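The structure appears right after this line, and notes come after that.
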Amino acid sequence: MFSLWLRNIAKIQNKTQIGTKCSIINQQVRQLRTLRSVQNEIQVESTEQSLPQEQRIKSHKEIALDFGNREAHVPSFNLAAHVNNSTTLQQFISLGVDLHSIERRKGLGDFVLRLDFEKDVKPYLRFLADQGVAPDDFGRLITKNPLLFKEDLDALQTRMEYLESKRFSVEARQRILTQNPYWLMFSTRRIDRRLGYFQKEFHLSGHDIRLLATKEPRLITYNMDHLRKSVFTLREEMGFSSKELQTLIVHKPRLMMISPDDIIERFSYIHNEMGLSHKQIVQCPELLASREFRLRERHEFLKLLGRAQYDPQKDLYVSPSDMVLGNNFYFVRNVARSDLQTFDLFLKTR
């Protein structure tokens with residue numbers, strides 16, 4: 001009992017000694033911090049006193065305005081906040097214009113907000129109506145190209161008269177304007193050069209060039225560097241002849257707008273894995289417009305079923321054009337002659 005009492009006394013003494021040491025250390029730390037803060041204040045005061053009065057005032061302002069390093073923030077332009085006070089924006093909404101799409105493009109929100117509907121917009125709507133554009137298409141056209149209202153109306157009229165002189169029908173001109181509103185931003189001389197390029201490059205007739213421009217109006221105003229790369233890819237890397245290339249471009253002009261790397265990948269699979277010739281590909285240019293993974297899934301499924309047969313002279317022939325028709329349900333039922341459950345299981349296990 002006496003030994004236990006001695007041990008408890010020893011523990012109490014140890015705790016007391018430790019507490020005393022901690023309190024001494026804390027007191028020393030506080031003294032050091034106080035000395036350091038005093039030294040800093042003395043240094044700041046001495047440096048400020050050594051500066052002229054104007055510089056001291058300036059340094060105080062800089063400190064007051066210093067909020068630390070922050071990311072640059074560009075304020076967004078919200079057209080919705082101005083709708084109640086803008087007749088033009090209200091009219092645009094009634095026409096089906098997507099204001100959110102416009103305000104996301106730099107500078108367009110402010111430009112649209114400054115338009116007067118009666119003075120700056122209505123004359124252009126009359127012009128579009130005269131060209132056969134339906135009022136239901138006004139909203140989509142303005143959404144895509146609100147900079148149309150910057151163009152001179154006489155210049156726009158001249159550009160449409162040029163198309164009329166080249167024997168583009170009313171329906172063709174209407175499709176060009178609705179599918180590619182940026183066409184109106186190109187001068188007559190520039191459009192003439194573009195049409196001339198396609199006509200000379202692919203030896204197209206007047207009818208073919210009109211068909212090409214009407215079927216895919218965006219192609220005529222597309223980036224020329226991209227178009228030249230596409231021509232090189234189709235002709236030199238894939239090996240299509242001039243006549244084959246002409247047929248491809250007229251029937252599927254969108255091919256020239258696809259990335260050359262993507263179209264090379266598709267051609268390689270169609271030609272090497274599926275075994276289709278250049279002639280078969282030309283007869284079905286939709287194959288090159290289809291994604292490679294989609295062609296691979298369908299071809300491998302047909303191969304599993306023993307139906308990957310693309311030679312019309314043999315049994316169980318499958319037309320290459322059927323490979324890209326419809327959704328998976330249509331393909332499985334009408335081309336593969338199977339069921340969707342089997343196709344889904346194939347996709348999970350391949």
Side-chain angles (χ1 to χ4, degrees), residues 172 175-176 179-180 198 201-205 207-220 222 226-227 229-305 307-314 316-338 340 343 346-347:
R175 177 175 171 78
I176 287 172
Q179 296 298 316
N180 183 18
F198 286 101
E201 184 69 40
F202 304 112
H203 309 289
L204 301 178
S205 64
H207 172 74
D208 287 340
I209 196 67
R210 285 190 293 272
L211 182 62
L212 172 71
T214 305
K215 185 174 288 188
E216 187 51 81
R218 294 177 300 164
L219 183 63
I220 307 302
Y222 212 69
H226 179 98
L227 296 177
K229 289 178 183 177
S230 296
V231 172
F232 178 84
T233 298
L234 291 166
R235 179 177 288 151
E236 304 298 333
E237 298 186 67
M238 297 185 191
F240 287 106
S241 67
S242 296
K243 191 66 178 177
E244 291 171 338
L245 194 56
Q246 182 187 87
T247 304
L248 275 176
I249 297 308
V250 172
H251 288 86
K252 203 68 178 177
R254 190 169 67 86
L255 292 177
M256 293 191 64
M257 298 166 61
I258 299 173
S259 166
D261 292 338
D262 289 343
I263 204 167
I264 275 284
E265 183 182 36
R266 297 170 192 180
F267 172 79
S268 177
Y269 187 80
I270 295 167
H271 187 60
N272 299 324
E273 298 297 327
M274 296 176 63
L276 299 182
S277 65
H278 284 73
K279 182 180 178 180
Q280 287 176 297
I281 296 174
V282 170
Q283 291 173 346
C284 182
E286 290 80 9
L287 288 168
L288 290 175
S290 182
R291 295 178 184 269
E292 188 266 346
F293 81 88
R294 188 165 177 255
L295 293 170
R296 184 182 295 273
E297 287 178 351
R298 295 188 173 192
H299 172 68
E300 290 182 356
F301 185 62
L302 290 177
K303 195 174 179 180
L304 179 68
L305 299 176
R307 297 183 57 86
Q309 169 56 264
Y310 310 114
D311 187 346
Q313 304 299 324
K314 297 180 180 180
L316 301 177
Y317 166 69
V318 173
S319 172
S321 60
D322 290 341
M323 292 289 292
V324 293
L325 286 179
N327 55 22
N328 285 342
F329 179 78
Y330 175 88
F331 166 75
V332 170
R333 292 291 300 273
N334 297 282
V335 181
R337 307 294 180 184
S338 182
L340 198 59
F343 184 66
F346 161 77
L347 293 180

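A quick note: this is a predicted structure, and the numbers were derived from the prediction, not measured.
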Count the heavy atoms of every other residue, nucleotide or ligand shown that sit under 6.0 Å from NZ of Lys215, and state whether that count exceeds 12. yes

Should Leu234 and Ile263 count as side-chain neighbours, where that means a heavy-atom distance under 4.5 Å? yes

Nearest 0.5 Å, what's the CD-CG distance between Gln246 and Leu212? 11.0 Å

Is the Phe240 ring parallel, tilted or perpendicular to the His278 ring (thresholds 30°, 60°)? perpendicular

Supply the atom-to-atom distance Ile209 CD1 to His203 NE2, rounded to the nearest 0.5 angstrom. 12.5 Å

Minimal non-hydrogen separation, Leu287 against Met323, with atom names: CD2-CB, 4.3 Å

Would a 4.5 Å heavy-atom cut-off, applied to side chains only, mark Leu302 and Phe331 as touching? yes

Leu219 CG to His226 NE2 distance, which is reported to the nearest 0.5 Å: 9.0 Å

Looking only at heavy atoms, the pair that brings Tyr310 and Val318 closest together is CD2-O, 3.4 Å

Expected output: side-chain Glu292 to main-chain Arg266 donor-acceptor under 3.5 Å: no

Between Phe346 and Ser338, does the side chain to side chain contact (heavy atoms under 4.5 Å, CB included) criterion hold? Intermediate values first, please. CA-CA 12 Å; Phe346 161 77; Ser338 182; over 6 Å; no

Does Leu295 reach the side chain of Val324, with side-chain heavy atoms less than 4.5 Å apart? yes

Find the distance between CG (Leu248) and CG (Leu288) and round it off to the nearest 0.5 Å. 6.5 Å

Taking all heavy atoms of Gly326 and all of Arg294, pick out the closest pair and write down the distance. O-NH2, 2.8 Å

Please indicate whether Arg296 has more than 12 foreign heavy atoms, meaning atoms of other residues, nucleotides or ligands, lying under 6.0 Å from its CZ. yes

Check Arg298 against Asn328 and note the closest heavy-atom contact, atom names and distance. NH2-OD1, 3.4 Å

Side chain Thr233, main chain Lys229, donor-acceptor under 3.5 Å: yes

Indicate every side-chain donor-acceptor pair of residues 250-262 with a distance under 3.5 Å to a residue at least two apart or in another chain.
residue: His251; atom: ND1; partner: Thr247; partner atom: O; Å: 3.0
residue: Ser259; atom: OG; partner: Asp261; partner atom: N; Å: 3.4

If you take all heavy atoms of Glu297 and Phe343, which pair is closest and at what distance? O-CE1, 4.4 Å

In this structure, CD1 of Ile249 is separated from CZ of Phe198 (nearest 0.5 Å) by 8.0 Å

In short, salt bridge (charged side-chain N to carboxylate O under 4.0 Å, His left out) pairs touching residues 235-249 with sequence neighbours left out are Glu201-Arg235

In Å and rounded to the nearest 0.5 Å, what is the OG to CD distance from Ser268 to Glu273? 7.0 Å

Do you know which two heavy atoms are closest between Leu325 and Tyr330, and how far apart they sit? O-CD2, 3.6 Å

Check the pair Asp208, Phe202 against side chain to side chain contact (heavy atoms under 4.5 Å, CB included), reporting the backbone distance first and the verdict last. CA-CA 10 Å; Asp208 287 340; Phe202 304 112; over 6 Å; no

Count the heavy atoms belonging to other residues, nucleotides or ligands that lie under 6.0 Å from OH of Tyr317, then report whether that count exceeds 12. yes

Expected output: side-chain Asn180 to main-chain Pro217 donor-acceptor under 3.5 Å: yes

Phe267 vs His271 aromatic rings, parallel, tilted or perpendicular, using cut-offs 30° and 60°? parallel

